[in-house]
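Down below is the structure, laid out as structure tokens.
By convention here, the first residue in the shown sequence is residue 1. As the structure is a computational prediction, the values presented were derived from the model and not from experiment. One-based numbering, in listed order, for ligands and for the atoms of each.
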Amino acid sequence: MAQIGTDITAAKAFLEAGNVVGIPTETVYGLAGNALDPDAVLTIFRVKNRPSFDPLIVHTDSLSKLDRLVTHIPEPARRLAETFWPGPLTLLLPRRDLIPDLVTAGLPTVAIRIPRHPLTLALLRSLDFPLAAPSANPFGYISPTSAQHVADQLGNQIPYILDGGSADIGLESTIVGFENDQPTVFRLGGMGLEKIEAVVGPVSVRTHSTSNPAAPGMLSSHYAPRKPLILLAPGESPKPAERVGALAFREPFGGLAPDHQRVLSPTGDLNEAAKNLFAHLRVLDSLPIDTIYAEQVPNRGLGGAINDRLRRASVPV
Ligand code: AMP
Ligand code: MG
């Protein structure tokens, strides 16, 4: 069973020996291994049961280490990195050969991010390699936002989980790629679109694609609980029934047992809603109910990314 602790030296030793460990970030917890070691990367895929066509994000701690990993940094990418790193933003950049094929699923670009968590930044600074880290959950399931979530699902397969408390933002990073140096958003996430556009101007958003299986953050079913989740249309209420639960935005629904419901943010704060989203879905998944109804949130700020996750977690109706 994984040890849970705050010992950076222990985490470093496991990583240098080729093991994978759980790490905290401000988005969600990651399952990290040496990004330059194909065996460590293979272990990440095996532990997560992740298909090898789903590329990983590479984490580093400083812009000065970027030139070693990528061949070109488009001007808008540099501005985004300088403005928002460390932070919940991932950039797709042309990779150097040093990055194993397995990390990028054979793609010519590598996904890179500097995460904003003091423990993980200190760990990254202490290592002489970057960390490949997808979310630390079984493939397709709800992402973990606490060390305990990681332990619950992967604890018997990894030696150590670095405990950095509950994730500050609670949604995966926003992913931005570049074609002819023009930015395109491939996954909505913890960095709001408005903030990105304030730096680089209007961006196109291409988060749904059946023609691009190489980016499964884009898969239409993902981030899902085991129980069927039904996304409510705006203004719609769940049909009252005994074994039914709900994820509500500001207040519980009438007609359903209050203890079968979780509220994302009583004050309507979308940052708080994002932070609670995955933990609340996990709780709902563990209650004695058969169906989870979910209310959509307003689309502003992090709301667009929250609704995106709810759609991917839902079953078609
Ligand atoms: P996770 O770390 O579990 O949130 O997953 C990382 C996600 O990043 C993948 O599912 C892809 O959607 C995306 N990604 C990583 N590398 C690339 C890339 N080179 N091109 C496009 N998408 C990527
Ligand atoms: Mg993931």
Side-chain angles (χ1 to χ4, degrees), residues 20 22-33 35 41 44-60 69-72 74 77 88-97 99-115 117 120 130-145 149-150 153-154 167 169-179 183-191 204-225 274 277-278 281-282 305 308-309 312-313:
V20 299
I23 57 164
T25 86
E26 80 282 27
T27 61
V28 301
Y29 271 68
L31 180 65
V41 175
I44 295 173
F45 280 94
R46 186 171 42 74
V47 168
K48 267 193 72 108
N49 199 12
R50 182 174 175 114
S52 59
F53 60 73
D54 189 358
L56 306 182
I57 296 174
V58 172
H59 296 73
T60 187
L69 307 174
V70 307
T71 55
H72 170 64
L89 174 70
T90 294
L91 301 175
L92 303 178
L93 301 171
R95 61 188 272 219
R96 284 201 191 277
D97 292 342
I99 313 266
D101 279 341
L102 204 53
V103 169
T104 67
L107 294 168
T109 54
V110 57
I112 304 223
R113 177 167 105 84
I114 300 184
H117 191 290
T120 290
L131 291 174
S135 52
N137 53 303
F139 181 70
Y141 193 67
I142 304 163
S143 297
T145 53
H149 292 163
V150 182
Q153 292 190 301
L154 303 180
I169 291 180
L171 289 176
E172 297 81 358
S173 57
T174 302
I175 299 181
V176 180
F178 303 87
E179 274 160 21
T184 299
V185 169
F186 289 99
R187 177 173 73 183
L188 299 175
M191 175 65 63
S204 42
V205 178
R206 206 188 306 155
T207 57
H208 293 270
S209 170
T210 42
S211 63
N212 187 1
M218 300 169 82
L219 286 181
S220 55
S221 173
H222 212 62
Y223 313 108
L277 175 67
F278 289 141
L281 280 176
R282 273 174 194 263
D308 169 88
R309 298 304 185 273
R312 290 173 206 269

Problem set entry | Steps toward salt bridge (Lys or Arg N to Asp or Glu O under 4.0 Å) verdict (Glu172, Arg113) | CA-CA 11 Å; Glu172 297 81 358; Arg113 177 167 105 84; over 6 Å; no
Exercise. Which bit of Arg95 is near ligand 1, meaning a heavy atom under 4.0 Å away: side chain, backbone, both or neither?
Worked result: neither
Exercise. Can you check whether Ser135 has an N/O within less than 3.5 Å of an N/O in ligand 1?
Worked result: yes
Exercise. Which atoms of ligand 1 sit under 4.0 Å from any heavy atom of Asp54?
Worked result: 9 (C), 10 (O), 11 (C)
Problem set entry | Test item: Arg282 side-chain N/O and Ile142 main-chain N/O as donor-acceptor pair under 3.5 Å | yes
Exercise. Quick one: does Ser135's side chain have a donor or acceptor within less than 3.5 Å of a partner on Asn137's backbone?
Worked result: no
Exercise. Quick one: are His117 and Pro115 in side-chain contact, heavy atoms under 4.5 Å?
Worked result: no
Exercise. For the side chain of Lys48 and the backbone of Leu154, is there at least one donor-acceptor N/O pair under 3.5 Å apart?
Worked result: no
For this session: Could you tell me whether Thr104 and ligand 1 have an N or O pair separated by under 3.5 Å?
Result: no
For this session: Output yes if Asn137 passes the N/O/S-under-2.8 Å test against the Mg ion (ligand 2); output no otherwise.
Result: no
Problem set entry | Side chain to side chain, Ser173 and Met191, heavy atoms closer than 4.5 Å | no
Exercise. Should Thr109 be counted as touching ligand 1, given the test is an N or O pair under 3.5 Å?
Worked result: yes
Exercise. Atom 3 (O) of ligand 1: which of Arg50, Glu172, His59 has the nearest heavy atom?
Worked result: Arg50
Exercise. What atoms of ligand 1 come closer than 4.0 angstrom to any heavy atom of Leu107?
Worked result: 18 (C), 19 (N), 20 (N)
Exercise. Quick one: which ligand 1 atoms are inside 4.0 Å of a heavy atom on Arg187?
Worked result: 1 (P), 4 (O), 5 (O), 7 (C)
